[in-house]
**Student:** 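Got a structure here, written out as structure tokens. Questions coming.
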Amino acid sequence: MINIIRPEYVYLKLTPNNSIRNNNTHKLAKSINSLYKNPLQNIQRRELKYINVIGNDILFNCKYSIVINPKVVYFIYIEKQKIEFYFIVPKHFLSIIKEKINDVWPSITVAQVDSIPMFGEAAVKHQLVYTKEDGLSLA
């Protein structure tokens, strides 16, 4: 039996307190890159029972889980007189990402919010897509 485990995500709103320099942004990119795992590392075995029969180990009642690789999204919401910055991060990596954000941009306030603003139908949307759909695309 194969079970698929999808990551849960939380929304972080970034509010700059004053001007911010982007000299150390590569540190944040490296920590996001470290979230990537090899597809074979995403397969987990659960409920294993080994029985030794005549010197051979036999495996019974084996369940497998496949963990979907988490992603981190940087989201910018812009209106005429308003601009907001958000990160969408996996819940189990929340403390690591918050720590790196505060290391890279020390004069920023990071707050966890319940939702992000939605765009209207007439909005102009831009999206950056990597050539490879994995964490190593940052390189």
Side-chain angles (χ1 to χ4, degrees):
M1 177 177 195
I2 297 177
N3 185 23
I4 297 176
I5 300 173
R6 289 176 171 67
E8 293 181 37
Y9 291 96
V10 293
Y11 306 114
L12 298 178
K13 182 177 181 180
L14 308 178
T15 308
N17 299 333
N18 53 24
S19 66
I20 296 174
R21 295 186 180 266
N22 286 329
N23 296 339
N24 296 325
T25 308
H26 67 280
K27 293 180 182 177
L28 182 60
K30 283 183 182 179
S31 65
I32 292 170
N33 189 16
S34 69
L35 302 179
Y36 175 77
K37 290 184 181 178
N38 185 331
L40 292 177
Q41 293 173 327
N42 290 336
I43 299 172
Q44 300 174 352
R45 287 189 213 144
R46 299 179 189 266
E47 296 183 18
L48 298 177
K49 293 182 182 178
Y50 289 100
I51 297 177
N52 192 335
V53 178
I54 312 173
N56 294 329
D57 288 334
I58 299 174
L59 180 66
F60 287 103
N61 294 330
C62 186
K63 292 184 180 179
Y64 291 96
S65 295
I66 298 175
V67 180
I68 305 290
N69 264 334
K71 294 188 178 196
V72 176
V73 176
Y74 185 63
F75 181 81
I76 304 173
Y77 183 78
I78 302 173
E79 286 183 0
K80 289 182 181 179
Q81 298 295 323
K82 177 172 123 179
I83 183 167
E84 295 177 347
F85 305 97
Y86 295 91
F87 265 100
I88 303 171
V89 299
K91 190 174 189 175
H92 59 281
F93 290 114
L94 178 62
S95 60
I96 295 169
I97 298 295
K98 277 178 115 172
E99 181 181 329
K100 281 297 178 185
I101 288 172
N102 287 325
D103 285 348
V104 171
W105 302 309
S107 60
I108 201 166
T109 303
V110 180
Q112 187 172 338
V113 294
D114 294 332
S115 63
I116 56 176
M118 301 307 283
F119 291 109
E121 292 296 321
V124 177
K125 300 174 186 174
H126 296 281
Q127 181 179 1
L128 175 65
V129 179
Y130 297 108
T131 56
K132 298 178 184 175
E133 241 343 280
D134 61 24
L136 300 176
S137 296
L138 293 172

**Student:** For K80, give me all partners under salt bridge (charged side-chain N to carboxylate O under 4.0 Å, His left out), at least two apart in sequence or on another chain.
**Tutor:**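 With neighbours one apart ignored, the set is empty.
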
**Student:** Taking atom CE of M118 and atom OH of Y77, what is their separation to the nearest 0.5 Å?
**Tutor:**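 Reported value, rounded in 0.5 Å steps: 10.0 Å.
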
**Student:** For the NZ atom of K100 and the NZ atom of K30, what is their distance to the nearest 0.5 Å?
**Tutor:**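 Going from the NZ atom of K100 to the NZ atom of K30 covers 9.0 Å.
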
**Student:** What is the distance from atom CG of N17 to atom OG1 of T15, rounded to the nearest 0.5 Å?
**Tutor:**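 Going from CG on N17 over to OG1 on T15, the span is 7.5 Å.
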
**Student:** The criterion is side-chain hydrogen bond (donor to acceptor under 3.5 Å, both in side chains); which residues satisfy it with E84, sequence neighbours excluded?
**Tutor:**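 Here the qualifying residues are Y86.
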
**Student:** Quick one: CG on N102 to CG on L14, what's the gap to the nearest 0.5 Å?
**Tutor:**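 Interatomic distance, N102 CG to L14 CG, rounded to 0.5 Å: 9.0 Å.
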
**Student:** According to the salt bridge (Lys or Arg N to Asp or Glu O under 4.0 Å) rule, which pairs have a member within residues 103-122, sequence neighbours left out?
**Tutor:**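 As it turns out, there is no salt bridge (Lys or Arg N to Asp or Glu O under 4.0 Å) pair with a partner in residues 103-122 once direct neighbours are skipped.
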
**Student:** Residues in side-chain contact (heavy atoms from CB on, under 4.5 Å) with I76, at least two apart?
**Tutor:**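 Result, side-chain contact (heavy atoms from CB on, under 4.5 Å) vs I76: Y74, I78, I83, F85.
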
**Student:** Tell me, please, which residues at least two apart from I68 pass side-chain contact (heavy atoms from CB on, under 4.5 Å).
**Tutor:**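 I68: side-chain contact (heavy atoms from CB on, under 4.5 Å) contacts with I4, R6, P7.
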
**Student:** Taking side chain to side chain contact (heavy atoms under 4.5 Å, CB included) as the criterion, tell me which of V89, V72, I88 meets it with L12.
**Tutor:**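 Exactly one option meets the side chain to side chain contact (heavy atoms under 4.5 Å, CB included) with L12, and it is V89.
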
**Student:** Between F119 and K125, which heavy-atom pair has the shortest distance, and what is it?
**Tutor:**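 Residues F119 and K125, closest heavy atoms: CB-CE, 4.0 Å.
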
**Student:** Using the rule that two of Ile, Leu, Val, Met, Phe, Trp, Tyr join whenever any of their side-chain heavy atoms come within less than 4.5 Å, decide whether I101 and I96 are in one cluster.
**Tutor:**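 Yes; I96 is reachable from I101 via cluster members.
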
**Student:** Among the clusters formed by ILVMFWY side chains lying less than 4.5 Å apart, do I32 and F75 turn up in the same one?
**Tutor:**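 No: no chain of side-chain contacts under 4.5 Å links I32 to F75.
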
**Student:** Nearest 0.5 angstrom please: I116 CD1 to K13 NZ, how far?
**Tutor:**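 Rounded to the nearest 0.5 Å, the CD1-NZ separation comes out at 12.0 Å.
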
**Student:** Would L28 end up clustered with V73 when hydrophobic side chains under 4.5 Å apart are linked, directly or stepwise?
**Tutor:**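 Looking at the clustering, V73 is in a separate group from L28.
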
**Student:** Which atoms form the tightest heavy-atom contact between F93 and P70, and what is the distance?
**Tutor:**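 Reported closest heavy-atom pair: CE1-CG, 3.7 Å.
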
**Student:** Calculate, to the nearest 0.5 Å, the distance between atoms CD1 and CZ belonging to I97 and F87 respectively.
**Tutor:**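 Answer rounded to 0.5 Å: 7.5 Å.
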
**Student:** Residues in salt bridge (charged side-chain N to carboxylate O under 4.0 Å, His left out) with E79, at least two apart?
**Tutor:**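 E79: no salt bridge (charged side-chain N to carboxylate O under 4.0 Å, His left out) contacts found.
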
